[in-house]
There are 2 protein chains.
Amino acid sequence: MDGSDARGAKRLRLTEALADLVLEEGLDALSLRPAAARLGTSDRMLLYYFGTKAEMLADVLGCVVARFAAHLAGVTRNVRIPPHQMVGFTAELMTSEAGRPYANVWFEIAARAARDDKIFATAAELMAERWNEWIVRSVHFPAGVAPRSAAAMMLAIVNGIILLDSTAPSVAAAARSRVQSAAA
Amino acid sequence: MDGSDARGAKRLRLTEALADLVLEEGLDALSLRPAAARLGTSDRMLLYYFGTKAEMLADVLGCVVARFAAHLAGVTRNVRIPPHQMVGFTAELMTSEAGRPYANVWFEIAARAARDDKIFATAAELMAERWNEWIVRSVHFPAGVAPRSAAAMMLAIVNGIILLDSTAPSVAAAARSRVQSAAA
DNA sequence: GCCGCCTTGTAGCATATGCTACGGCGTGCT
DNA sequence: AGCACGCCGTAGCATATGCTACAAGGCGGC
């Protein structure tokens, strides 16, 4: 019984290891031979366990999204964040050392999703959805506002800030200062 | 005189054509042989005029950024947009048929800039900077607000919205509705 | 012991990619 | 006419990439 499913177990372990790799080096690190070398195996094995690179990619993306959701959930375990602090809080979270890897792959996934790449599109949608749900759960919205819409707005602002933060830090800093004053 | 600089002129024409290509198909379309085929020449010629692929990339990115700035300027020629409409206006602009190509390459550039890719980093910074300057010029900010910071905040929100729009349309729609009500 | 299956290594293939070497063609200058 | 130089095509190289073919080793069941 364990022997029959050992393959699945190993596939999962490989997926986790590949997710580590992607989170610190980006999607380009998923080339079969280099990636396999990092894990101490061969491209031959990756194909054996995943069948095809596309399937491997799908598994790894799913893993990354799951980890991201778990990461978010872990940060706000039993904690509610006041609405006016959520944007700043999340922006800080995503630009911190722990959050940057997720932000970076998020950008890569989103960029490819924008070209009609189905596998990235589904991953991106899932990731954004999870992210938004997390905001809904972590913020206590005042009565009268639609949580999902308000959360989406916050998510958009956070996304914009971290995107600018990765490209034009001075512009991002200007935007952040604005968030500060708005929150006060 | 014209003969001596014919090379530079042709290089510029190639750059423009490559920019067209990139804007409609993405950065991956810049592989030498496929790109050259699209332009009716050979990879040999691209190397001849640009010297190296890296230089070609730099030229094309510069061209794309310049065109983007020109596009923005053209839309608001002699027009000022009220502050409370700028976010919605720009979001609409970038998700329109004319704007999407710019948004898509913007995401690609930003994603690569986030990994320490210098050439993309400089292009991304320039593009964000130009974008922000355009907002500063196109909006008449009330006295007492720092134009650059306010523009940066708007830019962040727009970025977030179009990013979500390309990945999770339903979330983006929720965010947009929020912008509408805030503007009213 | 032997057979069969799961796992894994070694080679190889077909294609793609950036770049180079070499040579031909035409134009303008002397 | 001859010659040099700018332009360009053909081949080729070295490497990378996804994937396949073949075979060897190991392990459990009969």
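Because the structure is predicted, anything quoted here is derived from the model rather than measured. Reckoned from all heavy atoms, side chains included, excluding hydrogens, waters and symmetry mates. Quick note on labels: first sequence line is chain A, next is B, and so on, each numbered from 1.
Between the P atom of dC7(D) and the CE atom of Met45(B) lies a distance of 9 Å, rounded to the nearest Å. Separating the CG atom of Leu47(B) from the C1' atom of dG12(D) is a distance of 14 Å, rounded to the nearest angstrom. Across the protein-nucleic acid pair, Arg44(B) atom CZ and dG6(D) atom C1' stand 11 Å apart, rounded to whole Å. Rounded to whole Å, the distance from NZ on Lys10(A) to P on dT7(C) is 9 Å. Rounded to a whole Å, the CG atom of Leu57(A) is 14 Å from the P atom of dT17(D). Distance CG (Leu46(B)) to C1' (dT17(C)): 13 Å, rounded to an integer number of Å. Atom CG of Asp43(A) is separated from atom C1' of dT17(D) by 9 Å (rounded to the nearest Å). Atom-to-atom, CZ of Arg7(A) to P of dC27(D) comes out at 18 Å; the value is rounded to the nearest Å.
Of the listed nucleotides (dG9(C), dC19(C), dC8(D)), dC19(C) has the atom at the smallest distance from the side chain of Leu32(B). Considering only the side chain of Arg33(B), dC19(C) comes nearest among dA21(D), dC19(C), dC19(D).
Using a 4.0 Å heavy-atom cutoff across all strands shown, Phe50(A) reaches no nucleic acid atom at all. Heavy atoms of Thr52(B) sit under 4.0 angstrom from primed sugar atoms or phosphate atoms, though from no base atom.
In this model, the phosphate group of dC7(D) is approached by a side-chain N or O of Tyr48(B) to a distance below 4.0 Å at OP1 or OP2. At dT20(D), none of the side-chain N or O atoms of Lys53(A) fall inside 4.0 Å of OP1 or OP2 (strictly under the cut-off).
Between Glu16(B) and Arg67(B) a salt bridge is recorded (basic side-chain N to carboxylate O distance below 4.0 Å). The existence of a salt bridge linking Arg100(B) and Asp165(B) is confirmed by a sub-4.0 Å separation between a basic side-chain nitrogen and an acidic carboxylate oxygen.
A side-chain donor-acceptor contact under 3.5 Å links Arg148(A) and Ser170(B).
Comparing Leu30(A) and Gly40(B) against DNA chain D, the residue whose closest nucleotide sits nearer the 5' end is Gly40(B).
With hydrogens and angles ignored, the 3.5 Å screen pairs no side-chain donor or acceptor of Arg178(B) with any backbone N or O of Ala150(A). Here the side chain of Thr90(A) pairs no donor or acceptor atom with the backbone of Val87(A) at under 3.5 angstrom.
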